[in-house]
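Sequence lines set the chain letters: A, B, ... in the order given, protein chains first and strands last, and positions in each chain run from 1.
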Number of protein chains: 2
Amino acid sequence: MTPARSRRPGAPTRTERGIPEATVARLPVYLRALTALSDSGIATASSEDLATAAGVNSAKLRKDLSYLGSYGTRGVGYDVEYLRYQIAREIGVTQDWAVVIVGIGNLGHALANYSGFGTRGFRIVALLDAAPELVGEKIGDMVVRDFAELEEIVAADRVSIGVITTPAGPAQEVCDRLVAAGVTSILNFAPVVLSVPDGVDIRKVDLSIELQILAYHEQRKSGEAALPPVPELPAMNGVVTDLPSVGGGVGA
Amino acid sequence: MTPARSRRPGAPTRTERGIPEATVARLPVYLRALTALSDSGIATASSEDLATAAGVNSAKLRKDLSYLGSYGTRGVGYDVEYLRYQIAREIGVTQDWAVVIVGIGNLGHALANYSGFGTRGFRIVALLDAAPELVGEKIGDMVVRDFAELEEIVAADRVSIGVITTPAGPAQEVCDRLVAAGVTSILNFAPVVLSVPDGVDIRKVDLSIELQILAYHEQRKSGEAALPPVPELPAMNGVVTDLPSVGGGVGA
DNA sequence: AGGAGCTTGTGAACGTGAGAACAAAATCGA
DNA sequence: TCGATTTTGTTCTCACGTTCACAAGCTCCT
């Protein structure tokens with residue numbers, strides 16, 4: 001065997017850059033699992049414990065964490081509080097991010113009422129809508145303001161994250177205005193593909209797509225033998241195609 | 001060369017099984033793009049056109065479509081209506097799927113009010129909540145019913161898809177009840193990892209995770225040089241860890 | 001003090017997905 | 001009728017992500 005007593009050429013140099021995207025997407029899940037363990041009074045957890053709590057494979061979890069650094073102790077596990085802080089810092093939720101929500105329809109309302117933003121990494125600084133009948137409405141301790149005030153608000157509060165909960169129609173225009181105002185991250189609930197310049201991050205949440213993916217698998221389960229044959233240029237009655245936005249309210 | 005005049009050993013046998021998961025997740029996007037093209041009165045589209053509308057690479061789109069069969073015409077493109085029908089059929093939205101929503105808090109309200117389910121592949125058959133003060137409330141043309149009626153409703157309406165919009169606490173219990181009642185696909189908005197038996201599909205939509213992913217990239221953009229050094233077992237004041245559910249309302 | 005027993009961190013194998021490139025097939029014009 | 005042009009369907013290659021398996025390293029017990 002003769003295990004070459006490990007002495008790497010260069011220092012390990014914590015990667016600090018280049019965490020795989022798939023790993024980034026799981027870090028918030030680990031953070032939540034760690035919080036749950038912490039609330040249960042558990043001070044130390046093995047990768048197996050953590051993996052179970054987060055619903056993933058333990059090898060994957062260990063590899064994911066290894067991108068952040070070596071925060072565990074062999075033979076023992078991870079210190080829950082310490083690891084929790086490290087992940088929170090890596091994600092960036094040890095500071096508060098200012099957020100605006102555009103489009104105060106049903107979904108915008110729901111997000112605005114959501115009473116957990118203030119002290120938890122994200123701070124809603126404005127609810128915006130272009131419909132005059134909505135402007136001035138009170139939601140929780142906030143008031144809906146006119147979409148025209150966007151630029152002013154973004155500049156004043158250093159807003160970097162925008163949430164779009166408008167219908168599909170005005171979404172691209174709203175997006176363009178957000179980007180022009182200086183927002184560099186967008187969470188889009190409208191059922192459209194938004195185009196943004198390089199340097200702007202965009203993520204999409206789409207209820208209808210999620211349901212359709214479930215429907216596909218559901219059909220596979222129940223319909224095994226009942227699949228209709230492939231029709232040749234069929235009668236097109238009752239073709240189902242799309243689901244409109246959950247949000248609503250911003251006019252042109 | 002001697003191109004063996006294509007005559008495959010067996011019939012081409014449309015795969016009919018084994019469409020890659022990544023492709024399945026994009027089919028609804030293509031469906032939406034096709035609907036948009038159709039609404040614009042466009043009868044034929046090339047893979048390039050479609051790819052632009054769907055926000056993907058044209059080679060990827062062609063490969064995705066090839067899993068469904070050969071529905072295009074070389075030198076011409078795709079018949080919009082025909083392809084739209086084929087994708088809708090493959091996904092399974094040419095039929096209606098019965099859906100129940102459990103947890104009529106802010107988000108549950110928003111989804112219930114969402115006026116696009118009826119004629120579009122999914123039909124909400126019940127809104128359920130365990131809180132007595134919510135039961136009986138009218139939302140649109142539906143009435144909130146008691147969660148205790150779940151089993152009866154699932155059996156009567158052949159419900160196969162359940163949407164969970166409760167807080168984290170009761171989510172697993174609600175999930176277990178749904179599964180026991182016969183639901184085999186679940187869309188979960190509660191911020192917990194749900195465990196389900198084999199054969200049950202589950203998908204998760206999580207606002208706080210999406211925001212945290214954006215925050216990570218945002219920090220990378222703005223914080224380049226401002227990253228604090230790694231502290232050794234730091235003071236844990238103000239650590240941000242998690243965001244509670246958007247939904248709410250189901251009591252134990 | 002030394003060995004037994006755990007658990008992390010990581011190298012290597014494997015599988016899936018993305019993109020480039022091109023042959024096959026269809027239309028259109030001469 | 002035949003060649004030029006267009007666009008699909010598919011093959012090949014590369015990159016990424018997942019999982020296995022194990023050496024390194026830590027603690028605890030004797």
Please determine, for the side chain of [X], which listed nucleotide ([options]) has the closest atom?
X	options	answer
B:Ser46	D:dT27, C:dT8, D:dT8	D:dT8
A:Ser66	C:dT10, C:dT27, C:dT7	C:dT10
B:Ala22	C:dG17, C:dT8, D:dT8	C:dG17

Report yes if at least one side-chain N or O of [X] is closer than 4.0 Å to OP1 or OP2 of [N]; otherwise report no.
X	N	value
B:Tyr78	D:dG9	yes
A:Tyr71	C:dT7	no
A:Arg62	D:dA24	no
A:Thr73	D:dC26	no

Expressed as a whole number of angstroms, how long is the span from [X]:[atom1] to [N]:[atom2]?
X	N	atom1	atom2	answer
B:Lys60	C:dA21	NZ	C1'	17 Å
B:Asp64	C:dT16	CG	C1'	13 Å
B:Leu61	C:dG17	CG	P	16 Å
A:Leu50	C:dT7	CG	C1'	12 Å
B:Leu65	D:dT7	CG	P	16 Å
A:Leu83	C:dT7	CG	P	16 Å
B:Asp49	D:dT8	CG	C1'	13 Å
A:Ile19	D:dC16	CD1	P	15 Å

Pairing of A:Glu48 and A:Arg62 as salt bridge, 4.0 angstrom limit: no

B:Ser185/B:Arg203 under side-chain hydrogen bond (donor to acceptor under 3.5 Å, both in side chains): CA gap, chis, key distance, verdict: CA-CA 8 Å; B:Ser185 288; B:Arg203 294 192 65 85; over 6 Å; no

Determine whether a donor-acceptor pair (N or O, by modelled atom type, separation under 3.5 Å) exists between the side chain of A:Gln172 and the backbone of A:Ser195.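 Side chain of A:Gln172 to backbone of A:Ser195, a donor-acceptor pair under 3.5 Å: yes, one is there.
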
Check whether any side-chain N or O of B:Asp49 sits under 3.5 Å from a backbone N or O of B:Ser46 as a donor-acceptor pair, and report yes or no. yes

Donor-acceptor pair under 3.5 Å: do we get one between A:Arg74's side chain and the base of C:dT7?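 Side chain to base: no pair present.
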
Restricting to nitrogen or oxygen on both sides, can you table the protein-nucleotides 11-14 of chain D pairs closer than 3.5 Å?
unit_1 : atom_1 : unit_2  : atom_2 : d
D:dC12 : N4     : B:Lys63 : NZ     : 3.4

Tell me which of A:Ser47 and B:Thr23 sits closer to the 5' end of DNA chain C, going by the nucleotide each one is nearest to. A:Ser47

Do A:Tyr71 and A:Tyr82 have their ring centres less than 6.0 Å from each other?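 Yes, close enough.
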
Under 4.0 Å between any heavy atoms, over every strand shown, what does A:Glu48 touch: base, sugar-phosphate, or nothing? Just pick one. nothing

Once rounded to the nearest 0.5 Å, what's the spacing between atom OG1 of B:Thr184 and atom NZ of A:Lys221? 4.0 Å

Between atom CZ of A:Phe122 and atom CD1 of A:Ile161, what is the distance when rounded to the nearest 0.5 Å? 5.0 Å

Would you mind telling me which residue lines up with the more 5' stretch of DNA chain D, A:Gly75 or A:Glu21, judged by nearest nucleotide? A:Glu21

Less than 3.5 Å apart, any donor N or O on the side chain of A:Arg89 or A:Tyr85 sitting next to an acceptor on the other?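 The criterion, which ignores hydrogens and geometry beyond distance, is not satisfied for A:Tyr85 and A:Arg89.
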
